[in-house]
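Throughout, a chain's letter reflects where its sequence line sits, starting with A, and its residues are numbered from 1. Predicted model only: the values in this text are computed from it and were never measured.
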Amino acid sequence: MPEFQTSPGMRDILPPDSGRWRRFVGIFSETVTAAGYGQIIPPLLEDIGVFHRVGEATDVVTKEMYDFVDKGDRHIALRPEQTASVCRAFVQHNPATPWKVWYAGPNFRYERPQRGRFRQFDQVGIEVLGVEDPYVDIEVIALAWNFFAKLGVQQVSLHLNSLGEPSDRERYMQALKDYFSNNLEHLSQASQVTLTKNPLRVLDSKRPEDQQLIDGAPRISDFYSPAAKAHFDTVQEGLRELGIAFVINDKLVRGLDYYRHTTFEFVGGTMDSAQNALGGGGRYDGLVEALGGPATAGVGFAIGLDRTLLACDDEGVFPPVPDEVSVFVVDITGGRQAMLITHELRSAGISADRAYQGRSIKSQMKSADRSGAVLAIIIGSDEVDSNTAIIRPLRSDQEQYAVSRKDLLPTITKALS
RNA sequence: GUGGGCGUAGCUCAGUUGGUUAGAGCGUCAGUUUGUGGUACUGAAGGCCGGGGGUUCGAGACCCCUCGUUCACCCCA
């Protein structure tokens with residue numbers, strides 16, 4: 001065993017998997033930039049207060065943050081998510097609204113690692129600030145939907161809920177608190193603790209002994225104000241019109257406290273593990289204000305790379321594809337010719353690789369095959385003497401042929417086109 | 001943070017009731033006569049059996065601790 005290894009919950013993404021990550025983000029960025037979103041690259045570190053404003057009752061900020069005091073005595077945290085950073089950036093830079101941004105990058109949470117759950121994990125996401133219009137909720141959901149479709153994942157179900165307006169949510173929380181408090185003896189120990197912190201989250205409990213009580217709990221839908229109901233109705237109608245299937249899940253209370261109105265989650269269909277939430281989001285009007293900005297509406301989502309990739313694996317879609325080059329130079333005269341030719345090709349924008357250490361022609365041909373190259377260029381002493389090169393097609397039955405060195409680049413260029 | 005499973009070559013795994021130089025497949029590398037890949041055959045390299053301690057004449061196999069991993073709870077992406 002090596003002396004040093006990645007610490008728990010951290011890992012190296014190696015090729016060819018890393019290429020898949022790159023394509024994942026590439027497809028995401030295409031999807032959302034085509035909808036008018038610009039990229040934001042917030043820092044990994046923020047003043048810990050930024051995240052505290054997100055909600056004091058969520059484990060994400062109370063127990064799971066990587067935080068430290070820096071050399072300037074500032075209390076700093078590695079971001080556990082990026083929505084708070086986006087809102088902080090909004091307050092700091094005061095951009096014109098609607099502000100539509102996307103991001104991709106790692107977040108950090110000190111949790112016990114599990115399948116689909118790491119301490120450093122990547123998310124892609126979008127946020128729209130400054131728009132209350134329910135059509136934005138629909139747009140945001142539709143973009144995530146499109147993205148899953150582009151990846152080829154089929155079995156994703158959209159769970160939808162509304163938490164109503166803040167006052168609706170308050171009244172509902174009180175009703176839940178009363179309901180559970182009156183039935184404490186049927187509630188698990190752990191849920192009793194949760195109840196004191198945030199009654200909404202009791203609905204999230206997966207403990208079997210809680211299920212019966214939860215099933216009989218008051219429903220949020222009975223607490224909607226007319227405005228909240230209208231908002232939610234518009235979202236549902238819009239999704240139907242767009243042909244986006246969803247299920248109403250009135251137990252869907254998301255972990256971060258700033259959500260109100262629309263909340264949603266994308267649940268993987270093939271994973272029976274507990275980590276089956278591929279992504280989620282919702283509306284968080286009020287978060288910007290909590291961070292010291294003007295009252296500003298906000299909606300967005302985040303999608304986890306790892307879990308989505310797991311879902312892809314389960315469905316056999318979006319496989320990792322090794323990175324390949326177009327040309328492989330086989331030089332059996334020592335390597336200087338390969339140096340010259342690969343440089344010439346690469347300078348002309350043609351991807352090219354070679355072998356090193358003067359290996360046998362057979363071994364170099366093997367490498368050429370594995371490199372994925374379409375063409376091999378073979379240089380032996382005969383070719384050096386006659387100032388030529390052999391071009392050997394590797395992916396067709398076409399015979400190999402010789403060209404003069406000065407014609408090599410144009411010939412290769414033509415053969416590849 | 002709490003509880004259960006697992007930890008043997010780069011990868012996937014065998015290793016009989018504890019007994020002499022620890023195995024396979026895949027992968028890697030090299031050969032199979034003269035300068036040519038994808039197949040086949042042959043061979044080679046590569047493991048203080050996660051780490052530490054203990055029991056024993058003797059431990060990869062048993063016990064304890066520790067680290068890592070995995071599953072569930074929790075939380076969430």
Checklist entry - Under 4.0 Å between a Lys/Arg side-chain N and an Asp/Glu carboxylate O for E324(A) and R370(A)? => result no

Item to check | Check: V384(A) main-chain N/O paired with T388(A) side-chain donor or acceptor under 3.5 Å | outcome: no

Item to check | Whether R283(A) side chain and Y259(A) backbone form a donor-acceptor pair below 3.5 Å | outcome: no

Item to check | Strand contacts (RNA chain B) in residues 320-328 of chain A, 4.0 angstrom heavy-atom criterion | outcome: none

Checklist entry - Considering only the C1' atoms, how many Å lie between rA45(B) and rA9(B), rounded to the nearest integer? => result 11 Å

Next on the checklist: When the C1' atoms of rA14(B) and rG25(B) are compared, how many Å lie between them, rounded to an integer?
Outcome noted: 10 Å

Checklist entry - Does the ring of Y66(A) carry R109(A) above it, NZ/CZ under 6.0 angstrom from centre and within 45° of its axis? => result no

Item to check | Face-on cation placement of R11(A) at F118(A) ring, 6.0 Å and 45° thresholds | outcome: yes

Item to check | Short side-chain N/O contact to rA72(B) OP1/OP2 from R115(A), under 4.0 Å | outcome: no

Checklist entry - Quick one: is R359(A) getting a side-chain N or O under 4.0 Å of the rC29(B) phosphate, OP1 or OP2? => result yes

Next on the checklist: Need to verify one output field. Residue with the more 5' nearest nucleotide on RNA chain B, A302(A) or S205(A)?
Outcome noted: S205(A)

Item to check | Residue mapping more 5' on RNA chain B - nearest nucleotide basis, F118(A) or P113(A) | outcome: P113(A)

Checklist entry - Out of rG31(B), rC75(B), rU2(B), which nucleotide sits closest to the side chain of R112(A)? => result rU2(B)

Checklist entry - Which part of the nucleic acid, if any, lies within reach of G9(A) when heavy atoms closer than 4.0 Å are counted: base, sugar-phosphate only, or nothing? => result sugar-phosphate

Checklist entry - Between F266(A) and W145(A), what is the ring plane arrangement, given parallel below 30°, perpendicular above 60°, and tilted in between? => result tilted

Protein and nucleotides 35-37 of chain B: nitrogen or oxygen contacts under 3.5 angstrom:
| unit_1 | atom_1 | unit_2 | atom_2 | d |
| --- | --- | --- | --- | --- |
| rG35(B) | O6 | D382(A) | N | 3.3 |
| rG35(B) | O6 | D382(A) | OD1 | 3.1 |
| rG35(B) | O6 | D382(A) | OD2 | 2.2 |
| rG35(B) | N1 | E383(A) | OE1 | 2.8 |
| rG35(B) | N1 | E383(A) | OE2 | 3.3 |
| rG35(B) | N2 | E383(A) | OE1 | 3.4 |
| rU36(B) | O2 | R392(A) | NE | 3.3 |
| rU36(B) | O2 | Q400(A) | OE1 | 3.4 |
| rU36(B) | N3 | Q400(A) | OE1 | 2.9 |
| rU36(B) | N3 | Q400(A) | NE2 | 3.1 |
| rU36(B) | O4 | Q400(A) | NE2 | 2.5 |
| rG37(B) | OP1 | K362(A) | NZ | 3.3 |
| rG37(B) | N7 | R392(A) | NH2 | 3.0 |
| rG37(B) | O6 | R392(A) | NH2 | 3.3 |
| rG37(B) | N1 | L394(A) | O | 2.9 |
| rG37(B) | N2 | D369(A) | OD1 | 2.6 |
| rG37(B) | N2 | L394(A) | O | 2.8 |
| rG37(B) | N3 | D369(A) | OD1 | 3.2 |

Item to check | Base-pair map of RNA chain B as dot-bracket, where | denotes pairing with a different strand and pairs are Watson-Crick or G-U under 3.5 Å | outcome: (((((((..((((.....[...)))).(((((.......))))).....(((((..]....))))))))))))....

